[in-house]
Amino acid sequence: MTEISRRAIMAAAGGAMVASSAAAQSAAPVPQRGSKDADNRVGADILGPRNPARAAEEPFTLAPPATDHGTMPNLKWSFSDSHMRLEEGGWARQTTIRELPVSKAMAGVNMRLKAGVVREMHWHKEAEWAYMIKGKARITAVDQDGRTFADDVGEGDLWYFPGGTPHSIQGLAADGVDGCEFLLVFDDGAFSEDSTFLLTDWLAHTPTDILAKNFGLPESAFAKIPRKELYIFPGPTPGPLSADKMGGAGEIPKKFSHRMLAQEPIRTRGGSVRITDSTVFPASVTIAAALVEVEPGGLRELHWHPNGDEWQYYLSGQGRMTVFGSESKARTFDYQAGDVGYVPFAMGHYIENTGDTTLTFLEMFKSPRYADISLTQWLALTPHPLVRAHTGLDPKQIDALSAAKAPVVPG
Ligand code: MN
Ligand code: MN
């Protein structure tokens, strides 16, 4: 083929790609699939308005693989698209059923508190599970029997507050980090961070004579009650943790914090997995979690979960997931750090590391126990003539399938 005819075909197939380098092509993807031979190519270039930066983040949304089919709900949300609630010394943004309508079972909040800044004393109907992304915080709680809890949590630590249990969070200055940033996951997709029960909000909406009678104090004692909720505000400098252990009727027996990174991971040739559910973190009775690391080219294997929806949070790297929804339905999504992914109950899926750094993400489930079904293990442990009849694989190839589960396989 002459250079002129090659250029003519490329121009016909996608004018924007003609003069661009490989890097520019990936930055400005075109909704086309197939070989450079125009006869085998489907799709066409975009003539109208476009957002190249956004399209570059989601190349498989713009040009889905041929295996994608049918109508699947949206299973991706970026926290970058969530409204930011800005407060003095912190912020909060949320990904709930309002942002991601499929996410009925769970909702998430991403929050930042600078050192000394408090997420005010509050409670809510939903249970709260948390992963500390960066920095340190002091958390406190009191239960229905007057038992108390206080701990300092750092990177990779979890906490869990049962629904209705009052608690507080305060950013700490530690190891050169000014406060902290964390992810909260709630066991109801309809949760709203703006609808929690705040101490100051209640006080401001109770008659002062009732407050005086309730606390056995003069009415004048309540002259300085904030008129408006504090929510996130700079608080008193915290002292040593030991000073904040309040005693009461003793410590809450099922500790509300857990060191997830201290767990020895399941290591495979393609990465690692740490699983934290109520068997190792007994307080966490409604949320089970896994922290997954996939090396470049590696794959979180084809699997599904027999016990509920999966809410994902991407911590680092780049990943691609195809979700299989029965009835020939399948849809592929690209994810990067700060994105939320969602897999409805029982739908098959994999996650491939499509970047050149480690892909790290969290899987959360509204369940006391973590559970997954491995496709490879299922095939390996089903009579092989039956597997052969479904797949056309050679008996030797079926024999080679691992009956031992490998959650992450190498590239
Ligand atoms: Mn809370
Ligand atoms: Mn999964």
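The figures here come from the full heavy-atom set of this structure, side chains too, leaving out hydrogens, waters and symmetry mates. Just so you know, ligand 1 is whichever comes first in the structure, and atom 1 is the first atom listed for that ligand. None of the values given here were measured: they were computed from a predicted structure.
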Shortest non-hydrogen separation from Ser284 to Tyr160 and the atoms involved:
OG-CD1, 3.4 Å

For the residue pair His258 and Phe281, categorise the inter-ring angle as parallel (less than 30°), tilted (30 to 60°) or perpendicular (more than 60°).
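His258 vs Phe281 ring planes: parallel.
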
Does Ser316 have any side chain to side chain contact (heavy atoms under 4.5 Å, CB included) partners at least two apart in sequence or in another chain, and if so, which?
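Per chain and number, Ser316 pairs via side chain to side chain contact (heavy atoms under 4.5 Å, CB included) with Thr360.
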
Those residues at least two apart in sequence (or on a different chain) that pass ring-ring contact (aromatic ring centres under 6.0 Å, His included) with Tyr231 are none

Given the side-chain rings of Trp304 and Phe345, with only the six-membered ring counted for Trp, is the space between their centroids under 6.0 Å?
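Not under 6.0 Å, so no.
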
How many angstroms lie between CE in Met121 and CD in Gln170, if you round to the nearest 0.5 Å?
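Between atom CE of Met121 and atom CD of Gln170 there are 11.5 Å.
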
Less than 4.5 Å apart, any side-chain heavy atom of [X] and any of [Y]?
X	Y	value
Leu315	Tyr131	yes
Val102	Asn74	no
Arg300	His349	no

Under 2.8 Å from the Mn ion (ligand 1), protein N/O/S atoms total 4

At a cut-off of 2.8 Å, what protein N/O/S atoms sit near the Mn ion (ligand 2)?
His303 NE2, His305 NE2, Glu310 OE1, His349 NE2

